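Data block below; observations after.
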Amino acid sequence: MASLIDRIMKFVRGPQGQKARAKAEQFAQSPQAQKARAKAEQFAHGPQGQKARAKAEQLARSPQAQKARAKAERFINDPRNQEKARNLLSRLRGGPRR
């Protein structure tokens with residue numbers, strides 16, 4: 001049985017994946033998408049966006065965030081995880097399975 005990643009990659013490379021990508025690109029250029037982007041930018045520059053940004057920065061400096069960053073760094077620096085990541089990237093680029 002094919003792994004989930006294999007099935008996803010088969011879909012992405014196939015005609016259905018290409019059709020979905022074309023449709024997504026077409027939607028990204030649509031007036032609705034442009035309107036949504038403009039509204040998001042407007043929100044980001046408004047008082048609510050500034051308040052949300054300040055809250056996010058405050059949370060980023062919290063002890064929980066520092067602990068999470070330290071845990072992520074330990075995870076990233078683990079050689080076993082680096083090997084898994086290399087294998088996954090190789091498969092995503094279409095290389096052979098190991």
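Predicted, not measured: the structure shown is a model, and the values here were computed from it.
- The CZ atom of Arg53 lies 7.5 Å from the CD atom of Glu57; values are rounded to the nearest 0.5 Å.
- Rounded to the nearest 0.5 angstrom, Gln48 CD and Gln42 CD are separated by 10.5 Å.
- A heavy-atom distance below 4.5 Å is found between the side chains of Arg7 and Leu4.
- By the 4.5 Å heavy-atom criterion applied to side chains, Lys23 and Lys19 are not counted as neighbours.
- Closest approach of Arg61 to Gln66, counting heavy atoms only: O-NE2, 3.6 Å.
- Salt-bridge formation is detected for the pair Arg86/Glu83: a Lys NZ or Arg NE/NH1/NH2 atom is positioned less than 4.0 Å from an Asp or Glu carboxylate oxygen.
- For the pair Gln82 (side chain) and Ile76 (backbone), a donor-acceptor distance under 3.5 Å is present.
- Interatomic distance, NZ of Lys10 versus CZ of Arg13, reported as 12.0 Å (0.5 Å rounding).
- No side-chain heavy atom of Leu59 sits under 4.5 Å from any side-chain heavy atom of Gln64.
- The number of heavy-atom neighbours closer than 6.0 Å to CZ of Phe75, taken from other residues, nucleotides and ligands shown, is 12 or below.
- Residues Ala60 and Ala65 approach most closely at O-CB, 3.3 Å, considering heavy atoms.
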